[in-house]
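Computed from heavy atoms alone, side chains included, the values below leave out hydrogens, waters and symmetry copies. Since this is a predicted model, take the numbers as computed values, not measurements. We count ligands from 1, going down the list as the structure has it; atoms in each ligand are counted the same way.
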Amino acid sequence: MHSLRGAFSETVYIYGAALSKAIAEKWRPEVLSLGLGLGYNEVLSAALLTAAQQAEDAYVESFESDEGLREYFTHWIRGDSSLVPDEFLRAYDEILQRCAQHAQIDPAKVAATLRLWLNSGQLVLRGPLSATTQFSRRFCCFLFDAFSSKSTPELWQEAFLIDFLSATAREHAVFSTYACTGALKRALRSSGFTLEIREGFSSKRDSTFAFR
Ligand SMILES: C[S@@+](CC[C@H](N)C(=O)[O-])C[C@H]1O[C@@H](n2cnc3c(N)ncnc32)[C@H](O)[C@@H]1O
């Protein structure tokens, strides 16, 4: 398992910035997360929105192509620990502790929010995101954490990104990602976003924070 500490710091730096912007603007929290992985962004969303008392009408739609990761995360939220491998349980619990500590809130409250969201359909875990994915709603906060343009090239192409944003972004929206490619910047600008190129995390040169 990769370094949880480094991944947590990156999550706060890159994706926490977008969540904080949406919270500060008091936009209805509708979050699209690409790349569930171990669920850092989902748990951080629950922690920050619960602490800001904006969890009640939140909606989080999260994409993950690996079915096992979706299942383990769901079982963990539901408390079905016997269905989750130990190393995942330990990772989820540590992520929960770190996110709660960051948001200065009781981890039990964050876990309760995740359970409530899952049971009420406010947290929806979907399969792979692709050009044919259909959306039934729009989002104000994008946490775009798929792998790189080398491993998932279709998700980083300018035409895909323009169509994706046109189908999914609310008029007021914030978009964050660890990446900073030319195609991504062009797609965001042509979709009306203002870009802030931030220092990258760890060995990466730049990262992208954009809003409109
Ligand atoms: C960098 S990791 C995400 C880390 C994650 N934010 C976390 O909290 O652990 C990228 C994830 O994107 C997933 N992924 C890759 N292509 C995808 C696609 N087309 N749709 C959905 N998920 C995808 C991978 O399976 C992987 O779990």
Atoms of ligand 1 close to Gly39 [distance to a heavy atom under 4.0 angstrom, numbered from 1]: 7 (C), 8 (O), 9 (O)
Polar proximity ligand 1 side, Pro128 side, N/O cut 3.5 Å exclusive: no
Distance-only N or O hit between ligand 1 and Asp66, under 3.5 Å: no
Contact check: Phe147 vs ligand 1, nitrogen or oxygen atoms, below 3.5 angstrom: no
Pick from Thr152, Leu36, Leu34, Asn41: the one approaching atom 7 (C) of ligand 1 most closely through a non-hydrogen atom: Leu36
Residue Leu38 vicinity, atoms of ligand 1 by number, heavy atom under 4.0 Å: 7 (C), 8 (O), 9 (O)
Asp145, any N or O under 3.5 Å of ligand 1 N or O: yes
Geometric class of the Phe139/Phe142 ring pair [parallel <30°, tilted 30-60°, perpendicular >60°]: perpendicular
Atom indices of ligand 1 within 4.0 angstrom of Leu155 heavy atoms, with elements: 18 (C), 19 (N)
Where Ala100 and Asp106 come nearest, the two heavy atoms and their spacing: CB-C, 4.3 Å
Flag, side chain of Glu30 to backbone of Cys140, donor-acceptor distance under 3.5 Å: no
Those atoms of ligand 1 less than 4.0 Å from some heavy atom in Leu69: 27 (O)
Contact check, side chains of Tyr92 and Leu114, non-hydrogen atoms, under 4.5 Å: no
Heavy-atom donor-acceptor pair, Ser191 side chain to Phe193 backbone, under 3.5 Å: no
Basic-acidic side-chain contact under 4.0 Å: Arg90, Glu94: no
Under-4.0 Å salt bridge between Glu196 and Arg198: no
Ligand 1-proximal atoms of Leu143, by part, heavy-atom distance under 4.0 Å: neither
